[in-house]
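First the structure, in the form of structure tokens, and then the observations on it.
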There are 2 protein chains.
Amino acid sequence: MAEQAYYSVHPKFHAAVDCIIFGFEEGELSLLLLQRNFEPAKGEWSLAGGFVEDGEDIDDAARRIVAELTGLDDLYMRQVHTYGEVERDPGERVLSTAYYALVDIKRYDRELVRAHNAFWIKLPAIPRLIFDHDRMVQDALRFMRYQATVKPVGINLLPEEFTLTQLQALYEAILGERIDKRNFRKRIAQMDYIEKTGHIDKTLSRKGAALYRFNREKYDGNFKI
Amino acid sequence: MAEQAYYSVHPKFHAAVDCIIFGFEEGELSLLLLQRNFEPAKGEWSLAGGFVEDGEDIDDAARRIVAELTGLDDLYMRQVHTYGEVERDPGERVLSTAYYALVDIKRYDRELVRAHNAFWIKLPAIPRLIFDHDRMVQDALRFMRYQATVKPVGINLLPEEFTLTQLQALYEAILGERIDKRNFRKRIAQMDYIEKTGHIDKTLSRKGAALYRFNREKYDGNFKI
DNA sequence: CTAAAAAGTGTTGCACGTACACTTTTATTT
DNA sequence: AAATAAAAGTGTACGTGCAACACTTTTTAG
């Protein structure tokens, strides 16, 4: 009874999740954005979002929302921030927690994406987004960039096997600056958890480039994440 | 109408805020913890927490909760993470957002703290806390430590004017390791936003130590935070 | 005036990051 | 068959920043 009262005098709110879904394409980062064909803010651009449901962990809600859109349920995802201004959603009061997700752009379900009226848009071309979604994107980008300098999270944007040229282009896209090829390869050579597979990729060069793979066991052994 | 339906099919939840309140005393970090004299979990230790109210930004809720306990409303506070597991609060479902706050331990309101049955407890002596508050403390500590290596947030734990010896003891407490005095002072000397006030503190040494102050204008000029 | 207690002060070496340009390999074209 | 084009791959030298390291100065209390 006392317990009931303890909670019940306080208001309840809708709890939303908004997902900043990063992809990597042609040397540039992209976001998967939706052009809303439903109210509120029909016709405008937004992040992939949804509501937390009863009996659902908030992290699971984020996974569900990304899976419903991309067909992928094994993505690298991290919580960014919770936005709780009173007027942030002009419809009703909604507390929204932002997550970012990293997608290998070769793997997502094209049908699902089309059905949701979603599109990959390169970072410099991102349109204005509804509500406070612009700010969420900025915060997620900053957080993802920081994490990428500390641990090799960006690798989740590449296929299982990748060339060093691809990896360098990815880092250049994430950090937004050119990197010297020799210095980059020296750094990677020191990371024993990025290992040669022995396979050769011939699609991008006549000479062929060695393919590498991320070895999670070696990585987890060296550091605690 | 359509708008109403868009929101109303989704559940609502209690939104809580839990605050990890750091202080600095005798060369060690402390937390301000409450021994609960109310249900649920009466008698156990917890963080300072409360519920977000109607018409209140979530950041403001965090400020209010700390102000109600310490009498201070100008603290450095940052959001850490939102915890949304279904079963994290055994009473009812509550989504809780953790914030950390940095308190100059000379300034807080002792009467208020006593009235709330709250106590400063040094980090190594922190008792087991209710719910997932242990995890919140770990996450906040890691985040605060990281931020302290990047920007001088820790200064918010010291009085307006401080000696370099105090500042060094603070950094040692935050980072959990001893620092060489000469190297430390060399590093500080390069930071033109930490400036000598001309005042001398005689309470801690016979010789007297120069007092310094953090100059926010110079800092904001050099970097964008 | 002697002792004690904290403040304050420079130099050297090492590790890491950065700048910088040419050779190798192979498919395609002529 | 030779020439060309396109990307992969490779080593050195310099500079900056951080870490290791111990003694002198100042003042008050006894």
Side-chain angles (χ1 to χ4, degrees), chain A residues 24-28 145-146 148-152 154 158-159 161-213 222-223, chain B residues 24-28 145-146 148-152 154 158-159 161-213 222-223:
Chain A
F24 175 65
E25 219 179 0
E26 297 167 34
E28 285 189 275
R145 279 189 172 139
Y146 158 66
T149 63
V150 176
K151 33 188 184 178
L158 294 176
E161 301 199 356
F162 49 85
T163 69
L164 291 185
T165 303
Q166 282 178 297
L167 186 62
Q168 181 176 344
L170 170 64
Y171 270 77
E172 289 178 339
I174 290 177
L175 303 176
E177 58 188 20
R178 307 272 315 159
I179 304 172
D180 179 85
K181 186 161 48 154
R182 281 164 291 187
N183 293 337
F184 179 77
R185 281 162 186 255
K186 249 181 300 175
R187 250 190 292 146
I188 301 298
Q190 290 166 202
M191 306 177 186
D192 62 343
Y193 51 84
I194 296 184
E195 57 189 18
K196 229 180 252 209
T197 61
H199 303 158
I200 305 287
D201 177 285
K202 288 266 198 176
T203 61
L204 288 160
S205 89
R206 306 188 205 271
K207 184 179 177 179
L211 283 163
Y212 289 76
R213 155 199 328 130
N222 292 354
F223 315 91
Chain B
F24 175 65
E25 220 179 0
E26 296 166 35
E28 285 189 274
R145 279 188 173 141
Y146 159 66
T149 63
V150 176
K151 32 188 185 178
L158 293 177
E161 303 200 356
F162 49 85
T163 68
L164 291 185
T165 303
Q166 283 178 298
L167 185 62
Q168 179 175 347
L170 170 64
Y171 270 78
E172 289 178 338
I174 290 176
L175 303 176
E177 57 189 20
R178 306 273 315 159
I179 304 172
D180 179 84
K181 187 162 45 155
R182 280 163 293 187
N183 293 336
F184 180 77
R185 282 161 184 254
K186 250 181 297 174
R187 251 190 290 146
I188 300 298
Q190 291 166 202
M191 306 177 186
D192 61 344
Y193 52 84
I194 296 184
E195 58 189 18
K196 229 180 251 207
T197 62
H199 304 158
I200 305 285
D201 177 285
K202 290 265 199 176
T203 61
L204 288 160
S205 88
R206 307 185 202 266
K207 183 179 178 181
L211 283 164
Y212 289 75
R213 152 198 332 129
N222 293 354
F223 316 90

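Order of the sequence lines fixes the chain letters, A, B, ..., with proteins taken first and strands second; residue numbering starts at 1 for each chain.
- If you take CZ on A:Phe162 and CZ on A:Phe24, they are separated by 12.0 Å, rounding to the nearest 0.5 Å.
- In this view, B:Arg206 satisfies the side-chain contact (heavy atoms from CB on, under 4.5 Å) rule with no residue, not counting sequence neighbours.
- Distance CD (A:Gln190) to P (C:dA15): 13 Å, rounded to an integer number of Å.
- Distance NZ (B:Lys202) to C1' (D:dT28): 8 Å, rounded to an integer number of Å.
- Computed from coordinates, the B:Glu177 CD to D:dA19 C1' distance equals 12 Å when rounded to whole Å.
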Worksheet item: What string of B, S and - do you get for nucleotides 8-17 of chain D, 5' to 3', when a contact is any protein heavy atom under 4.0 Å?
Response: BBBBB-----

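- Between the CD1 atom of B:Ile179 and the C1' atom of D:dA20 there is a distance of 15 Å, rounded to whole Å.
- Atom CZ in B:Arg187 sits about 11 Å away from atom P in D:dA20, given to the nearest Å.
- Qualifying side-chain contact (heavy atoms from CB on, under 4.5 Å) partners for A:Thr197, counting only residues two or more places apart in sequence or in other chains: A:Glu161, A:His199, A:Leu211, A:Arg213.
- Atom pair A:Ile188:CD1 and C:dG17:P shows a separation of 12 Å (rounding to whole Å applied).
- Spacing between atom CD1 of B:Ile200 and atom P of D:dT28 amounts to 12 Å, rounded to whole angstrom units.
- For A:Tyr212, the ring pair (Phe, Tyr, Trp, His ring centres under 6.0 Å) test picks out no residue, with sequence neighbours left out.
- Here B:Ala209 pairs with B:Thr163 under the side-chain contact (heavy atoms from CB on, under 4.5 Å) rule; sequence neighbours left out.
- Every residue meeting the side-chain contact (heavy atoms from CB on, under 4.5 Å) condition with B:Arg185, not counting sequence neighbours, appears here in chain and number order: B:Leu164, B:Thr165, B:Lys181.
- If you measure from atom CZ of B:Arg206 to atom C1' of D:dT26, you get 11 Å, rounded to the nearest angstrom.
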